[in-house]
2 protein chains.
Amino acid sequence: MADIKPIGKALFLREEELRRGIEMMFFAYRDFTGEADSILAEQNMGRAHHRAIYFIGRNPGITVSELLGILNITKQSLSRVLSALVETGHVVQHTGPEDRRQRLLYLTETGNALEARLTEVQGRRFAKAYREAGMSAVEGFHRVLQGLLDDRTGQQVDELGQARQSAYRSGDDG
Amino acid sequence: MADIKPIGKALFLREEELRRGIEMMFFAYRDFTGEADSILAEQNMGRAHHRAIYFIGRNPGITVSELLGILNITKQSLSRVLSALVETGHVVQHTGPEDRRQRLLYLTETGNALEARLTEVQGRRFAKAYREAGMSAVEGFHRVLQGLLDDRTGQQVDELGQARQSAYRSGDDG
DNA sequence: GGTTTTATGTCAGCCATGTTGACCAAAATT
DNA sequence: AATTTTGGTCAACATGGCTGACATAAAACC
């Protein structure tokens with residue numbers, strides 16, 4: 001059995017590899033959000049506002065509950081941010097046509113402009129990374145990220161993708 | 001020139017692909033940190049404590065300045081966390097032998113145990129993702145993450161890798 | 001060698017954003 | 001009519017960023 005590997009060393013290398021992933025994830029996320037954070041700071045906003053704006057822009061007419069499902073925060077936290085965004089004219093709430101309890105959320109022109117600006121800087125960063133890494137690396141990147149998700153999140157992401165493909169909600173920004 | 005592509009559609013696909021990256025990054029980071037956050041909450045700690053513990057464990061004898069360089073936060077923010085960790089017996093500070101202004105940081109046994117526990121849950125998640133995605137995907141994952149970094153961070157990460165390989169600092173936990 | 005400058009770290013207090021808990025109102029359900 | 005669901009509000013609290021003021025050690029300068 002000459003092909004038995006030195007287990008100790010293999011485990012060491014494995015741990016090093018995992019730690020490398022952990023660290024890179026930390027640094028990459030920090031830098032990935034950094035530029036957007038700066039833009040947001042100019043407007044006295046934070047990441048919480050960004051996340052709300054992003055997912056409202058991506059899903060016009062989304063309800064507060066649905067948004068809560070995506071963000072995984074409490075309604076009190078979200079409420080604070082939404083109030084601010086309505087106040088500053090980035091978001092409008094329309095009473096649901098079927099269920100009048102619901103407040104369907106839409107970006108205003110101002111909100112759309114900010115969303116575009118934020119997504120542009122983050123997209124630019126991704127475009128550079130994708131370009132440098134190459135197509136097959138991008139494929140691998142997606143697969144690993146997918147594997148990092150909780151099962152529940154994985155399902156959610158799939159559902160979001162489906163919903164987006166199939167139909168846009170009726171509404172001003174449709 | 002029959003191979004000119006329909007630009008409009010290509011751009012649309014490109015934007016969709018970039019948005020997919022942006023979203024996956026958000027979800028993956030959230031889930032990636034979630035388990036560790038729970039463990040930390042048990043001990044009345046947060047992510048800031050985790051980051052300090054992680055990088056001290058990884059670089060025994062690191063100075064506060066060096067740690068600040070890694071974390072990109074203010075010294076005041078770090079100081080608060082370090083004081084708490086010394087208080088709870090997770091970290092010890094030794095005056096620098098050359099430059100007596102410095103406080104070299106080390107994990108205690110307790111600190112090491114917590115670090116190991118936290119790194120284990122995060123490592124397990126990465127191990128699963130890596131296993132499912134396959135080796136070449138992992139390679140691509142690293143390359144894309146690398147490309148997402150600020151230039152300055154990329155250099156830093158390299159330097160850290162070097163320092164770790166070449167020599168361990170003298171100290172109790174060497 | 002004493003003074004200034006630089007490096008390093010601490011204390012105090014502010015702000016954003018997460019949390020719980022208690023409670024209210026409107027609409028839908030039974 | 002009573003209950004449940006949905007959404008909102010107020011209050012209080014914790015974490016972890018931030019700035020400003022300050023203390024001390026080391027280095028640089030005259």
Side-chain angles (χ1 to χ4, degrees), chain A residues 26 29-31 33-34 36-56 61-88 91-105, chain B residues 26 29-31 33-34 36-56 61-88 91-105:
Chain A
F26 163 67
Y29 193 76
R30 188 192 64 186
D31 288 355
T33 54
D37 287 348
S38 301
I39 292 173
L40 290 159
E42 286 170 17
Q43 327 225 353
N44 298 311
M45 295 189 192
R47 269 184 218 176
H49 301 81
H50 185 184
R51 294 196 278 259
I53 287 177
Y54 182 88
F55 286 107
I56 294 170
I62 191 173
T63 65
V64 173
S65 303
E66 288 169 334
L67 191 49
L68 283 174
I70 293 175
L71 298 177
N72 256 8
I73 59 175
T74 59
K75 62 178 177 177
Q76 291 90 332
S77 295
L78 178 56
S79 172
R80 190 198 288 131
V81 167
L82 282 181
S83 305
L85 290 174
V86 168
E87 188 79 15
T88 54
V91 167
V92 288
Q93 300 174 325
H94 291 172
T95 301
E98 318 265 289
D99 186 335
R100 298 188 53 241
R101 288 171 299 184
Q102 295 176 340
R103 283 138 188 79
L104 308 188
L105 304 170
Chain B
F26 163 67
Y29 192 76
R30 188 191 64 186
D31 289 355
T33 54
D37 286 349
S38 301
I39 293 173
L40 290 159
E42 287 171 15
Q43 326 226 353
N44 298 310
M45 293 188 194
R47 268 184 218 176
H49 301 81
H50 186 186
R51 295 196 278 259
I53 286 177
Y54 182 89
F55 286 108
I56 294 171
I62 192 174
T63 65
V64 173
S65 301
E66 288 169 332
L67 190 49
L68 283 174
I70 293 174
L71 299 177
N72 255 8
I73 58 175
T74 60
K75 60 181 176 174
Q76 293 91 330
S77 296
L78 177 56
S79 172
R80 188 200 290 132
V81 167
L82 281 182
S83 305
L85 290 175
V86 168
E87 188 79 17
T88 54
V91 166
V92 288
Q93 301 175 324
H94 291 171
T95 300
E98 319 263 292
D99 187 335
R100 298 188 52 241
R101 290 174 297 188
Q102 297 175 339
R103 281 140 188 80
L104 309 188
L105 304 170

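Each chain gets a letter, A, B and so on, in the order its sequence line appears, and its residues count up from 1.
If you measure from atom CZ of B:Arg80 to atom P of D:dT19, you get 13 Å, rounded to the nearest angstrom. Note: CG (A:Asp37) to P (D:dC18) measures 11 Å, nearest angstrom.
The two residues A:Leu68 and A:Leu78 make their nearest non-hydrogen contact at CD2-CD2, 3.5 Å.
When DNA chain C is scanned in the 5' to 3' direction for atoms under 4.0 Å from non-hydrogen atoms of chain B, the outermost contacting nucleotides are C:dT6 to C:dG13.
Rounded to the nearest 0.5 angstrom, A:Leu85 CG and A:Gln93 CD are separated by 9.5 Å.
Contact annotation: B:Ser77 side-chain N/O to D:dC18 OP1/OP2 distance is under 4.0 Å. The shortest distance between the side-chain N/O atoms of B:His49 and the OP1/OP2 oxygens of D:dT15 is not below 4.0 Å.
If you check D:dG8, D:dT19, D:dT9 against the side chain of A:Gln76, the one that comes closest is D:dT9.
Within residues 40-48 of chain B, no residue places a heavy atom under 4.0 Å from DNA chain C.
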Please list, one pair per line, the donor and acceptor atoms closer than 3.5 Å that link side chains of residues 38-53 of chain A to other protein atoms, with sequence neighbours excluded.
residue: A:Ser38; atom: OG; partner: A:Gly34; partner atom: O; Å: 3.3
residue: A:Arg47; atom: NE; partner: A:Asp37; partner atom: OD1; Å: 3.2
residue: A:Arg47; atom: NE; partner: A:Asp37; partner atom: OD2; Å: 3.2
residue: A:Arg47; atom: NH2; partner: A:Thr33; partner atom: OG1; Å: 3.0
residue: A:Arg47; atom: NH2; partner: A:Asp37; partner atom: OD2; Å: 2.9
residue: A:His49; atom: ND1; partner: A:Gly46; partner atom: N; Å: 3.0

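Applying the side-chain contact (heavy atoms from CB on, under 4.5 Å) test to B:Arg30 and every residue at least two apart in sequence or in another chain returns A:Asn72, A:Thr153, A:Gln156, B:Phe26, B:Phe27. In this structure A:Ser79 satisfies the side-chain contact (heavy atoms from CB on, under 4.5 Å) test together with A:Ser83, sequence neighbours excluded.
Put simply, the side chain of B:Ile70 reaches to within 4.5 Å of the side chain of B:Ile62, judged on heavy atoms. In this structure, B:Thr63 and B:Leu104 have side chains that are in contact, with non-hydrogen atoms separated by less than 4.5 Å.
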Detail all sub-3.5 Å separations between protein N/O atoms and N/O atoms belonging to nucleotides 4-6 of chain D.
residue: D:dT5; atom: O2; partner: A:Arg101; partner atom: NH1; Å: 2.5

